[in-house]
Amino acid sequence: MRVEIWSDIACPWCYIGKARFEKGLAAFAHRDEVEVVHRSFELDPNRVKGDTAPVLEMLATKYGRTLEEARAMEEHVASNARSEGLGYRTEGRDHGNTFDIHRLLHLARDRGRQNELLDLAYRANFAEERSVFDPETLVALGMEAGLEEAEVRSVLADESAYADAVRADEREAAELGANGVPFFVLDRRYGVSGGQPAEVFTQALEQAWQGRALQPVGGGDAEACGPDGACAVPKP
């Protein structure tokens, strides 16, 4: 069975959803026969490369909230992350264009190191004081994931490298009807949207394994990030 996951490094629910999916996969009897492929989805594709902004300020502007309200929104996400054993900083993170990260993730997939780089990038963005929008940080993360420094630098220097692969993933997401991430597709027969609980992923894997028809799984209120970069906001 193949599971394809559309996500973005800038999406906190993708970070959380990956951890929940992996817990759900661990409880699946046929987990050793599941291939997981991570695909590209940019939350803010129109943001100019190099244009970054503090996350709290971005959230306050996007939702018309005060900085204190934005901080409370981040605490809501952080509590969900920490409940999954994930680190999460609510201060000091920045937001920017993730196209280069997606290009490197395609390189990592070709080298069999995609999951390693994705985990490192998520951790750097959400839990550590390392900006994934800094090219030197990306080089360091690539090397930590087991990629060759020269190859990482070559991809980052050539803006056309893996650009078509990223765009192809994004077109495919649109064709499949993905209007937010994380978005999970199981054997092209089953779709799961949002950072669902681990048991929902286990149920979806079991049903997909049995070959049932494509249909949505889980509740419609699972938190996710939309194509305009907006993420679910906790109700006051």
Side-chain angles (χ1 to χ4, degrees), residues 1-43 77 79-88 102 105-106 108-123 126-127 145 165-166 168-227 231-232:
M1 180 192 298
R2 169 180 280 196
V3 177
E4 296 162 280
I5 306 173
W6 274 263
S7 60
D8 191 10
I9 293 298
C11 166
W13 298 110
C14 296
Y15 176 48
I16 295 166
K18 183 177 187 293
R20 291 175 175 171
F21 169 77
E22 289 172 349
K23 288 180 181 178
L25 178 62
F28 178 52
H30 304 283
R31 57 187 172 275
D32 292 338
E33 298 175 71
V34 176
E35 175 194 12
V36 179
V37 177
H38 295 278
R39 299 204 178 277
S40 302
F41 190 108
E42 294 174 273
L43 288 174
V77 179
S79 66
N80 277 268
R82 290 164 186 157
S83 71
E84 301 299 335
L86 301 172
Y88 196 98
H102 285 296
L105 284 166
H106 276 278
R109 181 186 173 191
D110 281 353
R111 302 295 178 263
R113 310 299 295 174
Q114 187 184 52
N115 194 63
E116 289 81 0
L117 179 57
L118 185 59
D119 280 342
L120 288 165
Y122 274 140
R123 189 179 311 136
F126 291 108
V166 175
D169 279 356
E170 294 173 338
R171 285 194 302 271
E172 198 162 19
E175 291 166 2
L176 289 169
N179 55 13
V181 285
F183 184 67
F184 304 77
V185 175
L186 289 66
D187 258 1
R188 294 301 171 104
R189 296 198 303 269
Y190 232 78
V192 182
S193 181
Q196 301 280 353
E199 57 269 22
V200 172
F201 288 115
T202 304
Q203 173 196 356
L205 288 162
E206 290 170 348
Q207 293 179 353
W209 187 265
Q210 295 167 14
R212 300 182 184 178
L214 176 65
Q215 57 183 287
V217 176
D221 57 351
E223 288 160 309
C225 295
C231 297

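The figures here come from the full heavy-atom set of this structure, side chains too, leaving out hydrogens, waters and symmetry mates. Not measured: the values here are computed from a predicted model.
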Run the salt bridge (Lys or Arg N to Asp or Glu O under 4.0 Å) test against Glu206 and tell me which residues pass, sequence neighbours left out. none

Can you check side chain to side chain contact (heavy atoms under 4.5 Å, CB included) on Leu176 and Val185, steps first, answer last? CA-CA 9 Å; Leu176 289 169; Val185 175; 4.1 Å; yes

Expected output: side-chain Glu170 to main-chain Glu42 donor-acceptor under 3.5 Å: yes

Starting at CD of Gln196, measure out to OG1 of Thr202 and round the result to the nearest 0.5 Å. 12.0 Å

OG of Ser40 to CG of Asp8: how many Å apart, nearest 0.5 Å? 8.5 Å

Between CG of Asn179 and OG of Ser193, what distance do you get to the nearest 0.5 Å? 6.5 Å

Holding to salt bridge (Lys or Arg N to Asp or Glu O under 4.0 Å), I want the full list of residues that pass it with Arg82, two or more places apart in sequence or in another chain. Glu75

Would Lys23 and Glu199 count as a salt bridge (Lys or Arg N to Asp or Glu O under 4.0 Å) here? Give the steps. CA-CA 8 Å; Lys23 288 180 181 178; Glu199 57 269 22; over 6 Å; no

Check Leu86 against Ile16 and note the closest heavy-atom contact, atom names and distance. CD1-CA, 4.0 Å

Closest heavy-atom pair and its distance - Asp169, Trp6: O-NE1, 2.9 Å

Which pair of non-hydrogen atoms, one from Ala145 and one from Leu120, has the smallest distance, and what is that distance? N-CD1, 3.5 Å

Test of understanding: with side-chain hydrogen bond (donor to acceptor under 3.5 Å, both in side chains), list the residues that count as partners of Arg2, not counting sequence neighbours. Glu35

Is the Trp209 ring parallel, tilted or perpendicular to the Phe28 ring (thresholds 30°, 60°)? perpendicular

Results of side-chain hydrogen bond (donor to acceptor under 3.5 Å, both in side chains) for Glu22 - residues two or more places apart only: Lys18

With Glu4 via side-chain hydrogen bond (donor to acceptor under 3.5 Å, both in side chains) - residues at least two apart: Arg39, Arg188

Is the distance between the ring centroids of Phe41 and Phe183 less than 6.0 Å? no

So which heavy atom on Gly17 is nearest to which on Phe201, and how close? O-CE1, 4.1 Å

For a 4.5 angstrom cut-off between non-hydrogen side-chain atoms, does Asn115 reach His38? yes

For Leu43 and Ala10, work out which heavy atoms get closest and say how close. CD1-C, 4.1 Å

Considering only heavy atoms from C-beta outward, does the side chain of Leu205 approach that of Leu25 to under 4.5 Å? yes

When rounded to the nearest 0.5 Å, the distance separating CD1 of Ile9 from OH of Tyr122 is 5.0 Å

Spacing of Ser7 atom OG and Phe184 atom CZ [to the nearest 0.5 Å]: 8.0 Å

Supply the atom-to-atom distance Leu186 CG to Phe21 CZ, rounded to the nearest 0.5 angstrom. 6.5 Å

For Gly195, is there any backbone N or O sitting under 3.5 Å from a side-chain donor or acceptor partner on Arg20? yes

In short, Cys14 meets Pro182 closest at the heavy-atom pair SG-N, 3.6 Å

For the pair Val37 and Val3, evaluate side chain to side chain contact (heavy atoms under 4.5 Å, CB included) and give the outcome as yes or no after the intermediate values. CA-CA 6 Å; Val37 177; Val3 177; over 6 Å; no

Salt bridge (Lys or Arg N to Asp or Glu O under 4.0 Å) pairs, two or more places apart, involving residues 109-118: Arg111-Glu151, Arg113-Glu116

